[in-house]
Amino acid sequence: MEAKKRAKSRYQVPEKRCDSPTPIQIKAILHYATSQVVPIQILSEITVTSDVLKSLNRPCNFLVLGLGYDSLMWASLNPRGTTLFLEDNPQWVEKVRKDAPELRAAVVRYRTQAREADELLSWYRSEPACSAATATLRGNERCRLALHDLPDEVYETEWDLVMIDAPKGYFPEAPGRMAPIYSAAVMARNRKGPGVTHVFLHNVDRKMEKEYSEEFLCMKHLVNGAGRLWHFAIPPKGNDTRRDHARFC
């Protein structure tokens with residue numbers, strides 16, 4: 001009898017733990033499998049972000065600037081974490097959430113236009129409210145680059161990842177991504193918890209995105225990239241040993 005038990009255990013297939021997909025993951029699979037609508041980012045760009053999510057190996061706080069065709073994908077890659085989308089078009093938020101009510105989105109109002117990018121880059125350096133040493137976001141009306149009027153949740157959450165893929169910036173009257181880039185840098189530098197903040201910026205082939213990332217996200221923090229996407233890993237400002245704390249880089 002004992003010999004039979006040993007023989008059975010020898011050939012028994014070990015049990016494997018299988019985590020069932022979450023409802024949002026199932027919905028994303030069905031959506032992209034049956035739709036001609038695909039994410040704007042290409043596979044190599046998407047992989048940069050998904051690799052970070054996998055490497056963290058825990059539910060993350062993921063803030064995404066822009067609500068669009070890739071939103072279900074981003075939420076499904078962080079199924080047990082908090083994923084929040086910021087979008088400046090209320091009608092588009094209503095349309096997207098009608099088909100995907102699981103997505104969490106808030107409306108953001110921008111105070112900038114893309115044609116102001118050069119002027120704002122020069123102006124912020126002489127505005128104390130924008131200084132890297134003391135900058136905050138909530139209620140900071142004096143700094144035109146600060147996203148100052150967002151839901152409390154945005155300010156009270158330490159975001160592990162920030163994706164900047166909006167708003168539009170390819171025509172002069174568009175809001176441009178100046179404020180999101182600046183605000184992501186402030187969030188990352190004001191982080192209180194351990195670790196870095198991963199910031200992903202899309203469309204770095206454009207002049208404004210490139211110049212603002214060099215000014216606020218800092219090329220020394222650039223750790224990866226693919227296609228038109230750059231990945232920055234930004235430490236809290238407490239780790240900054242430079243003497244000039246008024247500048248971001």
Side-chain angles (χ1 to χ4, degrees), residues 61 63-66 84-88 106-169 172-193 196-201 203-204 206-222 230 232-249:
N61 295 326
L63 183 65
V64 183
L65 279 294
L84 178 65
F85 299 89
L86 299 181
E87 170 62 45
D88 65 323
V107 176
V108 57
R109 296 173 180 81
Y110 294 104
R111 300 182 286 167
T112 59
Q113 291 188 338
R115 62 186 169 193
E116 301 171 322
D118 290 340
E119 179 258 322
L120 285 170
L121 198 56
S122 175
W123 167 84
Y124 102 90
R125 292 171 182 153
S126 60
E127 173 51 64
C130 297
S131 169
T134 58
T136 58
L137 297 180
R138 179 159 42 190
N140 188 357
E141 296 185 20
R142 288 175 55 192
C143 182
R144 291 157 58 195
L145 289 172
L147 295 177
H148 74 295
D149 190 24
L150 298 174
D152 288 341
E153 178 185 3
V154 178
Y155 305 121
E156 294 167 2
T157 303
E158 290 212 325
W159 300 100
D160 302 302
L161 301 90
V162 180
M163 169 68 70
I164 304 173
D165 206 0
K168 296 175 181 177
E173 295 77 20
R177 298 180 186 174
M178 300 86 73
I181 293 171
Y182 171 87
S183 298
V186 172
M187 289 178 187
R189 289 171 58 83
N190 288 344
R191 184 182 183 91
K192 299 295 188 292
V196 299
T197 302
H198 298 275
V199 178
F200 306 89
L201 176 62
N203 298 118
V204 294
R206 300 195 300 216
K207 176 178 179 288
M208 188 281 293
E209 279 81 354
K210 186 173 184 295
E211 289 183 349
Y212 270 70
S213 64
E214 291 172 348
E215 181 74 21
F216 297 112
L217 304 180
C218 312
M219 299 308 291
K220 66 181 179 181
H221 299 320
L222 179 66
W230 280 350
F232 299 84
I234 304 177
K237 64 184 177 184
N239 296 2
D240 192 348
T241 58
R242 295 177 303 117
R243 291 183 180 181
D244 184 8
H245 294 291
R247 300 290 294 272
F248 284 81
C249 301

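We count residues from 1, following the sequence as given.
Side chains of M219 and W230 form a contact here, defined as non-hydrogen atoms less than 4.5 Å apart. Counting heavy atoms from C-beta outward, M187 and V154 have side chains that approach closer than 4.5 Å. Looking at heavy atoms from C-beta onward, V107 lies out of side-chain contact with E87 at the 4.5 angstrom threshold. Side chains of L161 and L63 form no contact here, defined as non-hydrogen atoms less than 4.5 Å apart. L86 is not listed as a side-chain neighbour of V64, based on a closest heavy-atom distance of 4.5 Å or more. Within the 4.5 Å cutoff, side-chain heavy atoms of V162 are placed close to those of T197. Contact of the H198 side chain with the D160 side chain is not registered, since no non-hydrogen atoms from C-beta on lie closer than 4.5 Å. You'll find the side chain of L147 stays beyond 4.5 Å of the side chain of Y182, heavy atoms only.
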Between R144 and E119, is a salt bridge (Lys or Arg N to Asp or Glu O under 4.0 Å) present by the stated rule, with each step listed?
CA-CA 11 Å; R144 291 157 58 195; E119 179 258 322; 3.4 Å; yes
Go through the steps to decide whether D118 and K207 satisfy the test side chain to side chain contact (heavy atoms under 4.5 Å, CB included), and finish with yes or no.
CA-CA 10 Å; D118 290 340; K207 176 178 179 288; 3.1 Å; yes
Test log, rule side chain to side chain contact (heavy atoms under 4.5 Å, CB included), inputs L150 and Y155:
CA-CA 8 Å; L150 298 174; Y155 305 121; 3.4 Å; yes
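Judged as a ring pair (Phe, Tyr, Trp, His ring centres under 6.0 Å), and not counting sequence neighbours, F85 has no contacts. In this view, E214 and K210 satisfy the side chain to side chain donor-acceptor pair (under 3.5 Å) rule, not counting sequence neighbours. In terms of the side chain to side chain contact (heavy atoms under 4.5 Å, CB included) criterion, residue partners of T136 (sequence neighbours excluded) are, by chain and number, N140. Listed by chain and number, the residues in a side chain to side chain contact (heavy atoms under 4.5 Å, CB included) with E158 are R191, K192 (sequence neighbours excluded). For H221, the side chain to side chain contact (heavy atoms under 4.5 Å, CB included) test picks out C218, F232, I234, P235, with sequence neighbours left out. Partners of K168 under the side chain to side chain donor-acceptor pair (under 3.5 Å) rule, at least two apart in sequence or in another chain, do not exist in this structure. With sequence neighbours excluded, no residue satisfies side chain to side chain donor-acceptor pair (under 3.5 Å) with R109. A search for salt bridge (Lys or Arg N to Asp or Glu O under 4.0 Å) contacts involving E141 returns nothing, not counting sequence neighbours. With sequence neighbours excluded, the residues satisfying side chain to side chain contact (heavy atoms under 4.5 Å, CB included) with P175 are D88, Y110, P167. For D149, the side chain to side chain donor-acceptor pair (under 3.5 Å) criterion is met by no residue, not counting sequence neighbours. R138 is linked by a salt bridge (Lys or Arg N to Asp or Glu O under 4.0 Å) to D152, E156, counting only residues two or more places apart in sequence or in another chain.
Of all the heavy atoms in V204 and L201, the pair that sits closest is CG1-O, 3.5 Å. Contact record, E209 with N203: CB-O, 3.4 Å, taken as the closest heavy-atom pair. Shortest non-hydrogen contact noted between F216 and L145 is CZ-CD1, 4.0 Å. The two residues L137 and A146 have their closest heavy-atom pair at CD2-CB, 3.9 Å. When all heavy atoms are compared, the tightest approach of A166 to P180 is O-CG, 4.0 Å.
Here the CG atom belonging to L65 is positioned 8.0 Å from the OG atom belonging to S183, to the nearest 0.5 angstrom. Atom CG of N61 is separated from atom CD of E153 by 8.5 Å, given to the nearest 0.5 angstrom.
Side-chain N or O atoms of N190 include one that pairs as donor or acceptor with a backbone N or O of A135 at under 3.5 Å. In this structure, the side chain of Q113 does not engage the main chain of R115 through any donor-acceptor pair within 3.5 Å. With hydrogens and angles disregarded, a donor-acceptor distance shorter than 3.5 Å links the side chain of S131 to the backbone of A133.
A cation-pi arrangement, defined by a distance under 6.0 Å to the six-membered ring centre and an angle within 45 degrees of its axis, is absent between R177 and Y212.
A side-chain donor from one of E215 and Y124 sits under 3.5 Å from a side-chain acceptor of the other.
Residue pairs meeting the disulfide bond (SG atoms under 2.5 Å apart) criterion with at least one member in residues 107-168, sequence neighbours excluded: C130-C143.
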